[in-house]
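Below is one structure, written out as structure tokens; the observations come after it.
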Amino acid sequence: MVTATTVPWFTLNNGVKIPAIGHGAYAPAIEEAQSRVKDWILTALKAGYRHIDTAQGYGTERAVGEAIKASGIPREEIFITTKLQWNHQHIVAQTFEESLKALDVEYIDLFLIHWPQAVFYDKGNSFPKNPDGSLKVTDEVNFNQAWAELEKIYATGKVKAIGVSNFSIKTLEQLFTTAKIVPAVNQVELHPYLAQEDLREYSAKKGIILTAYTPSGYDTVRNDPLILSLATKYNATPTQVILAWHIARGVVVVPKSEREERQKENITLPELDAEDISKISALDRGKRLCNYPDEKGQVYGWTVEQLGW
Ligand SMILES: NC(=O)c1ccc[n+]([C@@H]2O[C@H](COP(=O)([O-])OP(=O)(O)OC[C@H]3O[C@@H](n4cnc5c(N)ncnc54)[C@H](OP(=O)(O)O)[C@@H]3O)[C@@H](O)[C@H]2O)c1
């Protein structure tokens with residue numbers, strides 16, 4: 001059984017410890033949604049979360065920083081993850097400093113390359129498009145070069161660990177052709193309908209911890225008959241069963257809820273029997289529910305093949 005005060009901390013490949021349950025900080029880029037972020041991050045911190053997952057691309061770093069200040073919890077007790085925007089792979093150092101400023105902190109715990117593909121830089125526009133409507137990616141910079149810049153920031157001590165997001169075995173192998181440091185974390189979509197067992201095994205061998213985004217699998221997975229029956233068995237909710245499955249597999253989760261009662265629910269998890277963990281893993285069907293290919297077969301400008309998905 002996991003509770004707010006007994007959340008496990010996993011150890012990254014450089015010895016840094018990461019709370020296995022974090023709270024997501026994505027919010028849509030509309031004023032009304034952004035204006036509420038500080039309040040629900042604050043309730044998450046009060047509920048016991050000590051790991052917040054934000055990103056430059058979410059526009060929520062400032063609100064996260066404000067919520068941390070308002071909570072009165074010492075900075076060093078909170079693990080902050082943020083991510084390099086896809087259209088900033090050519091200006092990593094400068095962009096990292098902007099994150100420090102927005103969060104109003106001296107250091108960041110974990111800095112990730114948000115996506116392997118680099119997107120064309122058009123100031124103030126995170127979704128520049130080609131004439132055919134596809135996202136305008138660029139090969140003027142690549143993630144190997146961006147990673148070298150993250151390695152330099154790591155050497156300064158201003159970030160405690162560095163990693164990647166949305167990488168596959170294929171793109172990790174490409175990264176390893178030049179990387180001096182093995183990523184500490186790879187944050188990917190992961191839930192019972194997308195169990196990513198190959199990536200998990202590969203990552204374990206390389207010393208990379210996986211963080212699951214969209215960890216619940218939304219109502220699609222919450223309403224799966226097996227999940228519903230296990231919720232009854234463990235006297236828990238479907239989300240609690242799903243999140244417990246991740247933790248049992250050594251995967252960090254970053255669920256997000258704006259509702260205080262759900263935030264409390266998502267940090268209070270049952271301990272599942274080994275056979276139930278296997279049954280949940282067997283629900284895998286390679287189904288992406290958050291970021292999936294568009295009608296052109298692309299995910300944000302790259303084909304599934306380029307992504308190695
Ligand atoms: N690296 C990446 O590319 C990437 C991509 C996507 C997401 N992320 C990160 O992952 C975080 C979470 O991702 P996500 O929002 O896609 O997935 P999620 O946390 O699994 O799902 C969030 C949805 O589930 C609802 N919910 C949360 N807890 C619930 C519960 N106990 N019972 C019923 N409904 C519940 C939320 O609604 P309410 O808010 O109304 O409760 C919201 O609609 C994001 O905030 C972000 O930090 C990263």
Side-chain angles (χ1 to χ4, degrees), residues 18-19 21-29 32-34 36-37 39-41 43-44 47 49 51-61 63-64 67 79-86 110-117 119 126 135 143 163-168 171 183 185-194 196 199 209-224 227-228 231 236-247 251-270 287-292 299-302 307 309:
I18 182 170
I21 307 177
H23 199 281
Y26 169 78
E32 188 269 327
Q34 291 279 329
R36 293 194 309 254
V37 176
D39 288 346
W40 54 259
I41 294 292
T43 56
Y49 290 83
H51 170 185
I52 306 294
D53 181 73
T54 182
Q56 293 161 352
Y58 301 167
T60 60
E61 288 175 318
V64 167
F79 189 102
I80 303 174
T81 301
T82 194
K83 314 183 191 86
L84 177 72
Q85 297 185 59
W86 54 19
L110 179 62
F111 191 46
L112 309 177
I113 296 182
H114 202 149
W115 283 87
Q117 65 273 49
V119 171
S126 302
L135 189 68
F143 60 69
V164 294
S165 177
N166 292 300
F167 275 55
S168 59
T171 46
V185 165
N186 183 15
Q187 181 177 130
V188 294
E189 182 174 339
L190 189 57
H191 43 70
Y193 281 11
L194 185 70
Q196 305 242 40
L199 182 63
I209 285 201
L210 290 182
T211 294
Y213 76 70
T214 313
S216 68
Y218 304 141
D219 287 349
T220 309
V221 181
R222 270 189 273 271
N223 289 324
D224 181 276
I227 300 295
L228 291 170
T237 67
T239 312
Q240 288 172 321
V241 169
I242 298 164
L243 297 178
W245 169 78
H246 286 287
I247 302 299
V251 170
V252 174
V253 290
V254 288
K256 169 258 162 195
S257 178
E258 303 195 17
R259 308 187 202 189
E260 201 174 342
E261 67 282 5
R262 286 182 177 171
Q263 293 175 337
K264 289 180 180 158
E265 173 187 329
N266 296 349
I267 205 169
T268 311
L269 310 179
K287 184 149 182 65
R288 294 181 186 273
L289 299 167
C290 181
N291 289 310
Y292 42 83
V299 182
Y300 298 127
W302 267 20
L307 287 160
W309 283 12

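No hydrogens, no waters, no symmetry mates; every other heavy atom, side chains included, goes into these values. Just so you know, ligand 1 is whichever comes first in the structure, and atom 1 is the first atom listed for that ligand. Computed from a predicted model, the values in this text were never measured in an experiment.
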Protein heavy atom at shortest distance from [atom]:
atom	value
atom 13 (O) of ligand 1	Thr214 N, 3.4 Å
atom 11 (C) of ligand 1	Val254 O, 3.1 Å
atom 6 (C) of ligand 1	Tyr213 CD1, 3.2 Å
atom 47 (O) of ligand 1	Asp53 OD2, 2.6 Å

Using 30° and 60° as the class boundaries, would you call the ring planes of Tyr58 and Tyr26 parallel, tilted or perpendicular? perpendicular
Look at the side chain of [X] and the backbone N and O of [Y], then say whether any donor-acceptor pair between them is shorter than 3.5 Å.
X	Y	value
Gln263	Ser257	yes
Gln240	Pro270	no
His246	Val253	no

Is the closest heavy-atom distance from Trp40 to ligand 1 below 4.0 Å?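 Trp40: no contact with ligand 1 (<4.0 Å).
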Out of curiosity, is Asn166 lining ligand 1, as in a heavy atom under 4.0 Å away? yes
Taking [atom] as the point of reference, which of [options] owns the nearest heavy atom?
atom	options	answer
atom 26 (N) of ligand 1	Arg222, His191, His23	Arg222
atom 36 (C) of ligand 1	Lys256, Arg259, Gln263	Lys256
atom 37 (O) of ligand 1	Glu265, Lys83, Arg262, Glu261	Arg262
atom 18 (P) of ligand 1	Ala212, Ser216, Gly24	Ser216
atom 44 (C) of ligand 1	Tyr218, Trp86, Tyr26	Tyr26

Under the criterion side chain to side chain donor-acceptor pair (under 3.5 Å), I'd like the reasoning laid out for Ser216 against Thr239: C-alpha separation, chi angles, the key distance, then a yes or no. CA-CA 6 Å; Ser216 68; Thr239 312; 5.9 Å; no
Heavy-atom pairs closer than 4.0 Å: do any link ligand 1 to the side chain of [X], the backbone, both, or neither?
X	result
Asn266	side chain
Thr239	side chain
Ser257	both
Ala55	neither

Mind checking whether [X] and [Y] have side chains closer than 4.5 Å, heavy atoms only?
X	Y	result
Leu307	Asn166	no
Trp115	Asn291	yes
Ile21	Asn266	no

At what distance, to the nearest 0.5 angstrom, does CD1 of Ile41 lie from OG1 of Thr60? 6.5 Å
What atoms of ligand 1 come within less than 4.0 Å of a heavy atom belonging to [X]?
X	answer
Gln187	1 (N), 2 (C), 4 (C), 8 (N), 9 (C), 48 (C)
Ala25	45 (O), 47 (O)
His114	1 (N), 2 (C), 3 (O)

Closest non-hydrogen atom pair between Thr214 and Tyr218, with its separation: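 Nearest heavy atoms, Thr214 then Tyr218: CG2-CZ, 3.3 Å.
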Mind running side chain to side chain donor-acceptor pair (under 3.5 Å) on Tyr213 and Asp53 for me, showing each step along the way? CA-CA 10 Å; Tyr213 76 70; Asp53 181 73; over 6 Å; no
